[in-house]
K.L.:
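My questions will all concern the structure given below.
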Amino acid sequence: MVAGAARAGGGAWEVSSTGTVTCIGGAPYFGSVNGPVNRPIVGMVSSVDGGGYWLVASDGGVFSFGDARFFGSTGGVPLRQPIVGISATPDGRGYWLVASDGGVFSFGDATFHGSAVGTAGTTLGIAGLPGGGYEVITTAPADLTFPQTVAAVTTPSPPTTAVVPPAPPAPPSPPAPTVPMGRPLLAALGSPVGDAALASAGFTAVVVPAYWSSIEPSAGQWSTSAIAAVQAQVDAARAAGLMPIIDIGSQYPPAWIFGVGGGTRFVDQYGDVLGGAPGSGTDVANAVTDSAVRQQLGSYLSYLGSHLSGVAAVRVGGGVYGELGYPAPYLGSRPGALWFYDSSSQATLPASVAGWTPGTGTTGQAATFLSAYTSALSSFGAWLVATAEQAFPSGTSVDVLLPGWGMRPGEASTAAAQLLVGPPDEVAQGLDWASMLPTLPTPARVVAYTTYGDATQGSTDNPDPAAFIHSILPSGMSEGAESTGNGQTTDAGRNLMFSDAKSWGFAVTTWFFNGQSDTASSVAAAFALAG
């Protein structure tokens, strides 16, 4: 059953009452509602440029896809009559919902000009007008335009539709940040003090955590309270003058993800399965090669992007601790673990190395295996960045979390010559940044972000991670850094990271307070004096 439709530049979309979107005539696909819906979908409208669309359910729950932004809904608000349609404002920065009794609800920059409550006929839908008003479409002989001075359109848009679990009520708009988005940003992660204290000390950004397990506790079923709590933290940060940076929390997956099929868990050559306590950051699902896990991660990112507003940046990685890399070998029970022996990963290998294990065969086989191994991670990284860029607005940067030191020239061939027996951690984790970074889409939105920005062991021949990334950074791409935390950051490490940030214009420099004795004031003062 078609519940609604919308026009695209070169085609059209239709949406069913269950939230499934169908593309017609070459219209691009941006997503459908995942899982069963609480109320039927009743409306659909395209964004201004055709790069996305909104769906609305009969309870007023709004779900947005592509570049269509979420501005609020009546989900969870008692309604006298069900919602029957949705229409966007001319600039796409808001929308109106209309109920069957003619009641109109405004969100974003949509202005309320009046309703058709009490008038003749049953309301069928609503259509925005070029001047900023709207027309309420009814079964009465004449439709009603608002404000009354706006001329009626001769060909009203058809009513539209869609459904999804109720979206959270629109949060109040916080005041604009007192600190403009710019460089250099000093961000706090795991701060023991509140946003106001951070801003007062001199911080300009804060990492706001999201947790996949909390936001999507069951497949396709979203927790409106959990996403509302994240939005509240974003709003509080902005109100304090801090730029909110979302950590997507993919390192905290819901338990159900391990049952979606394929090789959902990483397995090493010994048959050991990667695990760890839930919430440890190591019990991660394999989105690198398991297509079912990747699809679910993509849906989760789309949900975050369509239900959060005011976000300056989003942190992605998809692996252990949220970083982009295979699990480290020391997470296995035996030396030299390579986590590529689950069914999904093995299916990606060339026939010449299917079933091959380290310490066997030839140098050529080892090299072929390693090439497939690192290429799979690079491909996943490109997909992850593209998905995050599609989910979040164009002004949101994508911070790609890069662990360790990265593979250096010659390491791959040396490891292959040793048949990948006990390779360096960087090789075992597939950290071929020199090959990976150029594949990431939209470099202007990407921040190549080292999570070991305070490493002081570098040299001219073996530069520290930040210096190495800087030497291979693709044109147009930015750099960022984070301290290791856990009490490991020395004064020398802190000062090196801050000096690099100032010298090279890092997009963001993050201080991880976990286990560090420094105060917000002392860290911000050191940052101000660096460079």
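Numbering of residues begins at 1 and proceeds along the displayed sequence.
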K.L.:
One pair to check against side-chain contact (heavy atoms from CB on, under 4.5 Å): Val208 and Val230. What are the steps and the verdict?
P.N.:
CA-CA 7 Å; Val208 175; Val230 176; 4.1 Å; yes
K.L.:
Show the numbers, then the answer: is there a side-chain contact (heavy atoms from CB on, under 4.5 Å) between Ser47 and Trp54?
P.N.:
CA-CA 7 Å; Ser47 61; Trp54 290 277; 4.3 Å; yes
K.L.:
Taking Ser106 for its side chain and Trp96 for its backbone only, find out whether a donor-acceptor pair lies under 3.5 Å.
P.N.:
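Not at all, since once roles are kept as given, no pair shorter than 3.5 Å links the two residues.
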K.L.:
Using side-chain contact (heavy atoms from CB on, under 4.5 Å), reason through Tyr326 and Leu377 one step at a time and then give a plain yes or no.
P.N.:
CA-CA 8 Å; Tyr326 292 108; Leu377 185 66; 3.8 Å; yes
K.L.:
Glu216 and Tyr303: side-chain donor and acceptor closer than 3.5 Å?
P.N.:
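The answer is no; no qualifying pair exists.
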K.L.:
Do Ser218 side-chain atoms and Gln221 backbone N/O form a donor-acceptor pair below 3.5 Å?
P.N.:
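No; zero donor-acceptor contacts below 3.5 Å.
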K.L.:
Keeping the roles fixed (side chain from Thr123, backbone from Gly102), state whether a donor-acceptor pair exists under 3.5 Å.
P.N.:
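Looks like yes, one N/O pair under 3.5 Å.
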K.L.:
Counting N and O atoms only, with roles assigned by atom type, does the side chain of Ser250 sit under 3.5 Å from a partner on the main chain of Gly322, one being a donor and the other an acceptor?
P.N.:
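No, the answer is negative, given that no donor and acceptor are paired below the 3.5 Å cut-off.
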K.L.:
Can you name the closest pair of heavy atoms from Tyr134 and Thr111 and give their distance?
P.N.:
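Residues Tyr134 and Thr111, closest heavy atoms: CE2-O, 3.5 Å.
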K.L.:
Could you tell me if Ser214 and Tyr252 have a donor-acceptor pair between their side chains, going purely by distance under 3.5 Å?
P.N.:
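Judged by distance alone, the side chains do not pair up.
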K.L.:
Under 3.5 Å, is there a donor-acceptor pair between the side chain of Thr204 and the main chain of Leu186?
P.N.:
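Yes: the side chain of Thr204 pairs with the backbone of Leu186.
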K.L.:
Quick one: do Val447 and Glu479 satisfy side-chain contact (heavy atoms from CB on, under 4.5 Å)? Show the steps, please.
P.N.:
CA-CA 5 Å; Val447 178; Glu479 188 173 358; 5.6 Å; no
K.L.:
Which atom pair, heavy atoms only, marks the closest approach of Ser32 to Val21?
P.N.:
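That would be OG-N, 2.9 Å.
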K.L.:
For Thr442 and Glu389, run side-chain hydrogen bond (donor to acceptor under 3.5 Å, both in side chains): C-alpha distance rounded to whole Å, both residues' side-chain angles, the deciding distance at 0.1 Å, then the answer.
P.N.:
CA-CA 8 Å; Thr442 323; Glu389 288 175 347; 2.9 Å; yes
K.L.:
Is the backbone of Pro253 close enough, under 3.5 Å, to the side chain of Tyr211 for a donor and an acceptor to pair up by distance?
P.N.:
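Not confirmed, Tyr211 side chain does not pair with Pro253 backbone.
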K.L.:
What pairs meet the salt bridge (charged side-chain N to carboxylate O under 4.0 Å, His left out) rule with one or both residues in residues 283-304, with sequence neighbours excluded?
P.N.:
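Passing the test, one end in residues 283-304: Arg265-Asp283.
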K.L.:
Regarding Thr289 and Ser345, is there a side-chain donor-to-acceptor distance under 3.5 Å anywhere?
P.N.:
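Yes, Ser345 and Thr289 have a side-chain donor paired with an acceptor closer than 3.5 Å.
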K.L.:
So does Thr282 get a backbone contact from the side chain of Gln251, meaning a donor-acceptor N/O pair under 3.5 Å?
P.N.:
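Checking the backbone N and O of Thr282 against the side chain of Gln251, no donor-acceptor pair under 3.5 Å is found.
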K.L.:
Apply side-chain hydrogen bond (donor to acceptor under 3.5 Å, both in side chains) to Tyr95 and list each qualifying residue two or more places apart in sequence or on a separate chain.
P.N.:
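In terms of side-chain hydrogen bond (donor to acceptor under 3.5 Å, both in side chains), with neighbours along the sequence ignored, Tyr95 is linked to no residue.
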K.L.:
I'd like to know if the side chain of Thr387 reaches the main chain of Trp383, judged simply by a donor and an acceptor atom lying under 3.5 Å from each other, with no hydrogens or angles considered.
P.N.:
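A pair under 3.5 Å: yes.
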K.L.:
Could you tell me which non-hydrogen atom of Pro441 sits nearest to which non-hydrogen atom of Ala382, and how far apart they are?
P.N.:
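Scanning both residues, the minimum pair turns out to be CD-O, 3.7 Å.
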K.L.:
Is the Tyr300 ring parallel, tilted or perpendicular to the Trp212 ring (thresholds 30°, 60°)?
P.N.:
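Parallel.
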K.L.:
In this structure, which one of Phe30, Tyr29, Phe63 forms a ring-ring contact (aromatic ring centres under 6.0 Å, His included) with Tyr53?
P.N.:
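So the option named by the test is Phe30.
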K.L.:
Could you check whether any side-chain N or O of Ser191 sits under 3.5 Å from a backbone N or O of Val193, counting only pairs where one atom can act as donor and the other as acceptor?
P.N.:
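The answer is yes, because a donor-acceptor pair under 3.5 Å joins these two groups.
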K.L.:
Rounded to the nearest 0.5 Å, what separates atom CG in Leu384 from atom CD1 in Ile248?
P.N.:
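That separation rounds to 6.0 Å.
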K.L.:
Looking at Glu323 and Arg315, is there a salt bridge between them, counting it only when a charged N and a carboxylate O are closer than 4.0 Å?
P.N.:
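No.
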K.L.:
Tell me the closest heavy-atom pair linking Val62 and His307, and the distance in Å.
P.N.:
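Nearest heavy atoms, Val62 then His307: O-NE2, 3.9 Å.
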K.L.:
Take the angle between the ring planes of Phe506 and Trp504 and call it parallel below 30°, perpendicular above 60°, tilted in between.
P.N.:
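Rings of Phe506 and Trp504: tilted, 30 to 60°.
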